[in-house]
Amino acid sequence: LEVHRLTGRPLSELQRAAGRGPRPSVTTLALVPPDRADLGERIERRFDAMVEAGFVSEVQELRARGDLGMDTPSMRAVGYRQVWGYLAGHYEWPVARSKAIAATRQLAKRQMTWLRSERDIERFEPLSPDLAEKLLERISSEFARWSSL
């Protein structure tokens, strides 16, 4: 009823008309590191950099709000959950750090597995010195293709 009221046409008519044109295709671009060992080291360095930038203080502030807990979706996120457990006294900092890094590595592994199963994915190396240029060129070509339809 809302569609008819807004357009003056029934939804079924709009759906039939939409089905006549060219179907859009989805182009999937992914940054895929070539070496998992290097990725693990980068995950560790990134976590330590986050801690140096105030990550633990951020989680402390979130805990202090009183409306979040370990069961809320935002606090179940990788890293937050482990730091929350540390702040709650469930384990010492070295254990929290180790758990957070391990959880991040597990997440990365699941993402890499998922990316391997994707057939029509275009992979780019994230540390490539000309990554920005390659991505800009690829995205520009995709926009050009769409504008010609």
message: Minimum heavy-atom separation for His4 and Pro10, please, with both atom names.
response: CD2-N, 3.7 Å

message: Through direct or indirect side-chain contacts below 4.5 angstrom among Ile, Leu, Val, Met, Phe, Trp and Tyr, which residues connect to Met112?
response: Val32, Trp114, Leu115, Ile121

task: Among Thr104, Asp48, Asp38, find the residue that satisfies the side chain to side chain contact (heavy atoms under 4.5 Å, CB included) test when tested with Ile43.
output: Thr104

- line: Rounded to the nearest 0.5 angstrom, the CZ-CD distance for Arg97 and Glu44 is 4.5 Å

query: Quick one: does Val51's side chain get under 4.5 Å of Val83's, heavy atoms only?
result: no

field: Non-neighbouring partners of Asp130 that pass side-chain contact (heavy atoms from CB on, under 4.5 Å), sequence neighbours left out
entry: Ser128, Glu133, Lys134

- prompt: In terms of hydrophobic clusters joined by side-chain contacts under 4.5 Å, are Leu29 and Leu136 together?
  reply: no

message: With clusters defined by side-chain heavy atoms of hydrophobic residues (ILVMFWY) lying less than 4.5 Å apart, directly or transitively, does Met50 cluster with Tyr86?
response: yes

message: Distance alone, cut at 3.5 Å: any donor-acceptor contact between the side chains of Arg116 and Thr113?
response: yes

Aromatic plane relationship, Phe47 with Trp93 - under 30° parallel, 30 to 60° tilted, over 60° perpendicular: parallel

query: When hydrophobic residues are tied together by side-chain contacts of less than 4.5 Å, even through go-betweens, does Val78 share a cluster with Leu39?
result: no

Show every donor-acceptor pair shorter than 3.5 Å between a side-chain atom in residues 67-77 and any protein atom, with sequence neighbours excluded, or say none if there are none.
| from | atom 1 | to | atom 2 | distance (Å) |
| --- | --- | --- | --- | --- |
| Asp67 | OD1 | Arg65 | NE | 3.0 |
| Asp67 | OD1 | Arg65 | NH2 | 3.3 |
| Asp67 | OD2 | Arg65 | NH2 | 2.8 |
| Thr72 | OG1 | Gly69 | N | 3.4 |
| Thr72 | OG1 | Gly69 | O | 2.7 |
| Arg76 | NH1 | Asp71 | O | 2.7 |

query: Are Tyr80 and Glu58 close enough that a side-chain donor and a side-chain acceptor fall under 3.5 Å?
result: yes

Where Gln82 and Ala103 come nearest, the two heavy atoms and their spacing: NE2-CB, 3.5 Å

task: Test Arg5 against Glu2 for salt bridge (charged side-chain N to carboxylate O under 4.0 Å, His left out), laying out the working first.
output: CA-CA 5 Å; Arg5 184 172 181 204; Glu2 182 180 359; over 6 Å; no

field: Connected via hydrophobic side-chain network under 4.5 Å: Leu1 and Leu14
entry: no

